[in-house]
A.B. asks: 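Encoded as C-alpha cells, here's the structure I'll be asking about.
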Amino acid sequence: MTVYFPEVTQVSFEGTDSTNPLAFRHYNPKEVVGDKTMEEHLRFSMAYWHTLTGAGDDMFGSGSVVRPWDNLTDPMDIAKARAYASFEFMQKMQIPFFCFHDIDLAPEGDTLRETFANIDTIVDIIKELMAETGIKLLWGTSNLFGHPRFMHGAATSPNADVFAYAAARVKRALEITKELGGENYVFWGGREGYETLLNTDMGLELDNLARFLHMAVDYAREIGFTGQFLIEPKPKEPTKHQYDFDVASVLGFLHSYGLEKDFKINIEANHATLAGHTFQHELRVARINGILGSVDANQGDELLGWDTDQFPTNLYATTLAMYEILQNGGLAPGGLNFDAKVRRGSFEPIDLFYAHIAGMDAFAHGLKAAHKLLESGELEEFIAERYSSYSSGIGEKIVKGEVGFKELADYALENNQIVNTSGRQELLENILNRYIFG
Ligand code: XLS
Ligand code: CA
Ligand code: CA
C-alpha cells in the first residue's frame, strides 16, 4: 500500500513541555474538559478542497504546491491517490471528520452523466476507507460557483437551465452525503448575489433561492436524509454582494420564506470579519437565535480585506469562539471544520501537518481557557449585575410587559437622578487575559 506522507508517522499529544513540532501541546483527544472529552467538544474536520485539491494558485500565479501524486497524469488516478492520501493524513492527524464539495473528489466530465460517474468511482473508495478507519463525513456540499456556467449564479441565475443544472448537482450531492452517513449538508451561496442592480431582479432571485432550498429539503426528506441543513453566510467574494451576507441577513431570509425550521448556520470566521463583524459576534447572533449549527474554523489577515482562509492561531478568537460554543451546549451534529489553506509559499506536504497542528492546538487551548472562564462565572456575574435594574422596580415592570410609554414617562418625570455604572471593559479584558495566558 502506498504511503503518501512518509515524513510523519503519527501526531500525538505530548503536553506543553514538548518542543516537537509534529506533536500536540494542547489537543489531547481523550482529556475530559467539563462534561465531554476534547474530541467530543471539538469535532475537528479536514476540508478536502484545501488540503487535497488546493494547488496554491492565486490571482497572480499558478499552483505552487508539491504533492505526492504529482508524478501522475490521469485525472482519475490523481483523484484516487488523493482519496487514499486524505485518509492517511486524517489518521495521522487524529482528525475524525472531513467535508467535501462533489467536484473536490473527482474531475468534471464532458457531460453531467460523466461527472457523476467520476464522482461515484471515488465515493466507492471513500466509503471503504471510512469503514476501515471510522472517520466520518461532517458535511457534504456541491460546488455551484467554479465552472463558467455559474457566472451569473446557480439558484439565483437569470438562466433557468442553470437553475435546473444546479438542482441536479445538489440532488446527487445529497444522495452521496446520505450514502456516506454525512451529518450535515451545507449551502454556501458562492455566486448567489449580484455585481450590479442595473441588470438584477433581486426579488425574483431571492424567491428562486428560497424555492431551490425548499426543493432541496423536500428531496432530502424524501430519500430519508436525516442530517442537518446549514447555510454559510459570506458578504461578498466572489460576487460584489452575496445574499447570505451575515447571520442576521440569513435569519431574516429564512423567516421570510418559511425555512427557519429546516436550517441552521455554518459560521466561518473569515466571513464574519469580511462582513465587518467579529467571529464571536456571528456566533453570538446565531446562538441566541438557536441556529448555531457548525463552524468553518479559520482566520483572515487583519491587514488584508479578502478571504485569506488561514489556519486559526489567534487565541483570543479561539477562546471567545469556544466561550460561545460551550454556552451553545456544543456544536454536534456540527463541528469545527478547518476551511483553511496553507500559504502559497508553504508548499511542502509537511506544511499541511504543521498547519493543522496549529489550528487544533489553538482551539484546544481556547476550549480549556473558555471552560475555566465559564466555570468561574466572573463574566456572567458582572453581566448579571450590570443588567440588575431589570430584576426589580421599573425594570422588572418593563420586562414583564406591565408598563407602556405613559407609565414610563410618569416614572421618568419623577426620576431626576439617573445614575450609571462603569462598563469596566478594561477590567474584563484583564480577566480574559488571565484565563488565556494564566
Ligand atoms: C468559500 C466558502 C466555501 C464553503 C463551502 O469562501 O468558505 O469553501 O465553505 O462551499
Ligand atoms: Ca467555508
Ligand atoms: Ca472562506
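Both ligands and their constituent atoms are indexed starting at 1 by order of listing.
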A.B. asks: Using non-hydrogen atoms of the residue, decide whether Glu237 is closer than 4.0 angstrom to ligand 1.
C.D. replies: no

A.B. asks: List the closest protein heavy-atom neighbour of atom 8 (O) of ligand 1: residue, atom name, distance to the nearest 0.1 Å.
C.D. replies: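 Closest protein heavy atom to atom 8 (O) of ligand 1: Asp339 OD2, 3.3 Å.
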
A.B. asks: Could you check whether Asn270 and Asn298, counting side-chain N and O atoms only, form a donor-acceptor pair closer than 3.5 Å?
C.D. replies: no

A.B. asks: Got the closest protein heavy atom to atom 4 (C) of ligand 1, with its distance?
C.D. replies: Glu232 OE1, 3.3 Å

A.B. asks: Is His271 close to ligand 1, meaning an N/O of one under 3.5 Å from an N/O of the other?
C.D. replies: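 In this structure, His271 places an N or O atom under 3.5 Å from an N or O of ligand 1.
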
A.B. asks: With the threshold set at under 4.0 angstrom, would you say Asp296 reaches ligand 1 through any of its heavy atoms?
C.D. replies: yes

A.B. asks: Checking contacts here: is it the side chain or the backbone of Asp307 that comes within 4.0 Å of ligand 1, counting heavy atoms only? Could be both or neither.
C.D. replies: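 Side chain only; the backbone of Asp307 stays clear of ligand 1.
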
A.B. asks: With Phe44, which of Phe98, Phe338, Phe24, Phe311 fulfils ring-ring contact (aromatic ring centres under 6.0 Å, His included)?
C.D. replies: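 Going through Phe98, Phe338, Phe24, Phe311 one by one, the ring-ring contact (aromatic ring centres under 6.0 Å, His included) with Phe44 is satisfied by Phe338 alone.
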
A.B. asks: Starting from atom 6 (O) of ligand 1, what is the nearest protein heavy atom, named by residue and atom, and what distance separates them?
C.D. replies: Lys234 NZ, 2.9 Å

A.B. asks: Looking at Arg43 and Glu183, is there a salt bridge between them, counting it only when a charged N and a carboxylate O are closer than 4.0 Å?
C.D. replies: yes

A.B. asks: For Ser376 and Tyr435, does a side-chain donor sit closer than 3.5 Å to a side-chain acceptor?
C.D. replies: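 Side chains of Ser376 and Tyr435: pair found under 3.5 Å.
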
A.B. asks: Counting from 1, what ligand 1 atoms have a heavy atom of His101 closer than 4.0 Å?
C.D. replies: 5 (C), 10 (O)

A.B. asks: Any salt bridge between Arg343 and Asp351, counting N to O under 4.0 Å?
C.D. replies: no

A.B. asks: Do Lys30 and Glu39 meet the salt-bridge criterion of a basic N to acidic O distance under 4.0 Å?
C.D. replies: yes

A.B. asks: Could you tell me, atom by atom, which parts of ligand 1 come under 4.0 Å of a heavy atom of Glu268?
C.D. replies: 7 (O)

A.B. asks: Is any side-chain N of the basic residue among Asp102 and Arg172 closer than 4.0 Å to the acidic one's carboxylate O?
C.D. replies: no

A.B. asks: Quick check: of its N, O or S atoms, which one does Asp307 have closest to the Ca ion (ligand 3)?
C.D. replies: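 Nearest N/O/S atom: OD2.
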
A.B. asks: For Phe13, is the NZ or CZ atom of Arg25 found under 6.0 angstrom from the centre of its six-membered ring and inside 45 degrees of the ring axis?
C.D. replies: no

A.B. asks: For ligand 1, which atoms, with element, lie under 4.0 Å from some heavy atom of Trp49?
C.D. replies: 8 (O)

A.B. asks: Output, by chain and residue number, all protein N/O/S atoms separated from the Ca ion (ligand 2) by less than 3.0 Å.
C.D. replies: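 Near the Ca ion (ligand 2), the protein supplies Glu232 OE2, Glu268 OE1, Asp296 OD2, Asp339 OD2.
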
A.B. asks: Can you pull out the closest protein heavy atom to atom 3 (C) of ligand 1? Residue, atom name and distance to 0.1 Å, please.
C.D. replies: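 Going by distance alone, atom 3 (C) of ligand 1 is nearest to Trp188 CE3, 3.6 Å.
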
A.B. asks: Can you tell me how the ring of His26 sits relative to the ring of His365, calling it parallel under 30°, perpendicular over 60° and tilted otherwise?
C.D. replies: perpendicular

A.B. asks: Salt-bridge test for Glu324 and Arg287: reply yes if a basic N is under 4.0 Å from a carboxylate O, no otherwise.
C.D. replies: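 Yes, Glu324 and Arg287 are salt-bridged.
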
A.B. asks: Can a donor-acceptor pair be found between the side chains of Asn337 and Asp296 at a distance below 3.5 Å?
C.D. replies: yes

A.B. asks: Answer yes when Asp57 and Arg344 have at least one side-chain N-carboxylate O distance shorter than 4.0 Å, and no when they do not.
C.D. replies: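 Judged by the 4.0 Å cut-off on N to carboxylate O distance, Asp57 and Arg344 do not form a salt bridge.
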
